[in-house]
Engineer: 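Before I ask anything, here is the structure I am working with.
Throughout, a chain's letter reflects where its sequence line sits, starting with A, and its residues are numbered from 1. Side-chain atoms are counted along with the backbone in the values below, which use heavy atoms only and exclude waters and symmetry mates.
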Protein chains: 2
Amino acid sequence: MDSHNKNAPIAVEPEADAVIDDAILHQFVGYHMRRAANLLQADMARTLKEIDLRMITMSVLVVVVDNPGLRQSQLADALAIERPNLVSILDELESRNLVLRTRVPTDRRAYALTPTAAGRTLAQRALALTTEHEDRVLAGITPEERSTLVSLMQRIGSASGDA
Amino acid sequence: MDSHNKNAPIAVEPEADAVIDDAILHQFVGYHMRRAANLLQADMARTLKEIDLRMITMSVLVVVVDNPGLRQSQLADALAIERPNLVSILDELESRNLVLRTRVPTDRRAYALTPTAAGRTLAQRALALTTEHEDRVLAGITPEERSTLVSLMQRIGSASGDA
DNA sequence: TATTGTTATACTCTATAACTATA
DNA sequence: TATAGTTATAGAGTATAACAATA
C-alpha cells in the first residue's frame, strides 16, 4: 500500500488518536512565543478582570502614576502604542476618574496626564495582582531563569547584542 | 513651589523630553513578552505577505502537509486554536486549492485534511521565508541562547519544571 | 447523549489615513 | 508646514454559545 500518489487527493486513513507531528513548527521561536504570550495574556486578563482593567489599560495607568504630567505622545512612545489606540484607553481611565487630562499652558495642543488619588490606589492594587499572576504562571521558573528570559526577549529585534 | 497637593489636579510641569520611568513595568515578564511577541508577529506578517499567508494560516498548512489525513479537531488541539477559528482558515486554504477537505468514510461527521501538490510547494516556500525572518529578527541571539529561550517559554504555565 | 464541524458574534490588540486645533 | 490629539476604520487573533448532522 505504498500509494502516495502525486496529484490525487489520496484517501489517507485518518490517524485516529495518533500523535500530531509538530516538529517543524517547534523549531521556530515565533511558535513558542505565540503560545507563551497567549498563555500569559489569558491568565493576566482573568486576573485583572477583578478590578475591571485590561493589560494595556493597567500599563498606561501605572506609567501615568509614575510619571505625572506626561503627555500622550510620550506615553504612546514609551509603551509602543500607536497614538490613536491610546485615546480610548485614556477615555476609559478618565471616565472612571483614575486619570486626568489637563491642558498644558505652554502648548495648548497637548494634554498633561495626572493620576487621581483613586488612580494611584488602583495602580497599587493592579501591581499586586500582576505580581501574584506572574508568580503563579511562572512558578516553574527560577528567578535567575526569569531574568535570562527577560534579557533574551529584550534583545530580540536589536540587530546585535552590544556592537 | 512644593505644590504636590493631594486631591487637586496638580498643574505639573510636563517633563518635556524627560526620560519616562518604565521601571515598574519592566519587572514583569509579561511586559517584555508582549513587546517581543508583537515585534516577531509584525515582521512575520510582513514576511508572509509575499505569499499571501497569515501566521496561523501558514502554521495550519505546514501541519496538514506533515500530517495528511488529519481531522480538524485534532488540528485545532495541536495548534491550540479554537475549532470555530479554524473554519475560516481552512476555507481560505481550500479556496486557494492548497488543502482538501474530504469526508472520512468511517465517521461521516469528520473531514480528513490533505494537502494538494500546490499546498506542499507553498508550505516549503513558507518555511524558507519563516527561517529567513527568524534569522533576521534573532540575529543578535546565538543558537544556544535561542534554545534556552525556547525551553524557558515552553515551561511557562506548567506548574513545576520536573516534579 | 456526545462529538464534528459550523455559524454568529464579540472582545482585544494593533495599524493607517485623515481630520482639528494649535504651534 | 509641522505637531498633538482625535476620529474612523480595518485587520488579525482569540473566545463563547448554539446549531445541524452524525455517532
Engineer: Encode nucleotides 13-23 of chain D as B, S and - characters from 5' to 3', where the letter depends on protein heavy atoms closer than 4.0 Å: B to the base, S only to sugar-phosphate, - to neither.
Structural biologist: SBBBB---BBS
Engineer: Rounding to a whole Å, what distance do you find between A:Leu90:CG and D:dA4:P?
Structural biologist: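 In whole Å, D:dA4 P lies 15 Å from A:Leu90 CG.
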Engineer: Can you list the steps and then say if A:Asp91 with A:Arg101 is a side-chain contact (heavy atoms from CB on, under 4.5 Å)?
Structural biologist: CA-CA 9 Å; A:Asp91 285 348; A:Arg101 277 191 262 224; 2.2 Å; yes
Engineer: Taking only the side-chain nitrogens and oxygens of A:Ser73, find out if one of them lies under 4.0 Å from OP1 or OP2 of D:dG5.
Structural biologist: yes
Engineer: Expressed as a whole number of angstroms, how long is the span from B:Glu94:CD to C:dG5:C1'?
Structural biologist: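 Answer to the nearest Å: 12 Å.
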Engineer: Strictly below 4.0 Å: does A:Gln72 bring a side-chain N or O up to OP1 or OP2 of D:dT6?
Structural biologist: yes
Engineer: Looking at B:Glu92 and B:Arg96, does any basic side-chain N land under 4.0 Å from a carboxylate oxygen?
Structural biologist: yes
Engineer: Round to the nearest Å and state the distance from A:Ile89 atom CD1 to D:dG5 atom C1'.
Structural biologist: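 A:Ile89 atom CD1 is separated from D:dG5 atom C1' by 14 Å.
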Engineer: Which whole-number value in Å describes the distance from B:Leu39 CG to C:dC13 P?
Structural biologist: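 After rounding, the reported distance stands at 18 Å.
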Engineer: Round to the nearest Å and state the distance from B:Gln74 atom CD to C:dT3 atom P.
Structural biologist: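 Value for this atom pair: 15 Å.
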Engineer: Here's a test for you: under side-chain contact (heavy atoms from CB on, under 4.5 Å), which of A:Leu113, A:Thr116, A:Thr114 qualifies with A:Val64?
Structural biologist: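 Exactly one option meets the side-chain contact (heavy atoms from CB on, under 4.5 Å) with A:Val64, and it is A:Leu113.
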Engineer: Can you find a pair of side-chain heavy atoms, one from A:Glu82 and one from A:Val87, that are under 4.5 Å apart?
Structural biologist: no
Engineer: Between B:Arg35 (CZ) and C:dC13 (C1'), how many Å, whole number?
Structural biologist: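 Atom CZ in B:Arg35 sits about 15 Å away from atom C1' in C:dC13.
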Engineer: Please give, in whole Å, the distance from D:dA12 P to B:Leu40 CG?
Structural biologist: 18 Å
Engineer: I'd like to check A:Gln74 versus B:Ile20 (side-chain heavy atoms, cut-off strictly below 4.5 Å). Are they in contact?
Structural biologist: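 The answer is yes, as the side chains (C-beta and beyond) meet within the 4.5 Å cut-off.
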Engineer: Whole angstrom is fine here: how far is it from CG in A:Leu86 over to P in D:dA4?
Structural biologist: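 That distance rounds to 13 Å.
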Engineer: Which pairs of donor and acceptor atoms, one on a side chain in residues 27-37 of chain A, lie under 3.5 Å apart (sequence neighbours left out)?
Structural biologist:
unit_1, atom_1, unit_2, atom_2, d
A:Gln27, NE2, A:Ile24, O, 2.9
A:Tyr31, OH, A:Asp22, OD2, 2.9
A:Tyr31, OH, A:Arg35, NH1, 3.0
A:His32, NE2, A:His26, O, 2.7
A:Arg34, NH2, B:Leu79, O, 2.9
A:Arg35, NH1, B:Ala78, O, 3.2

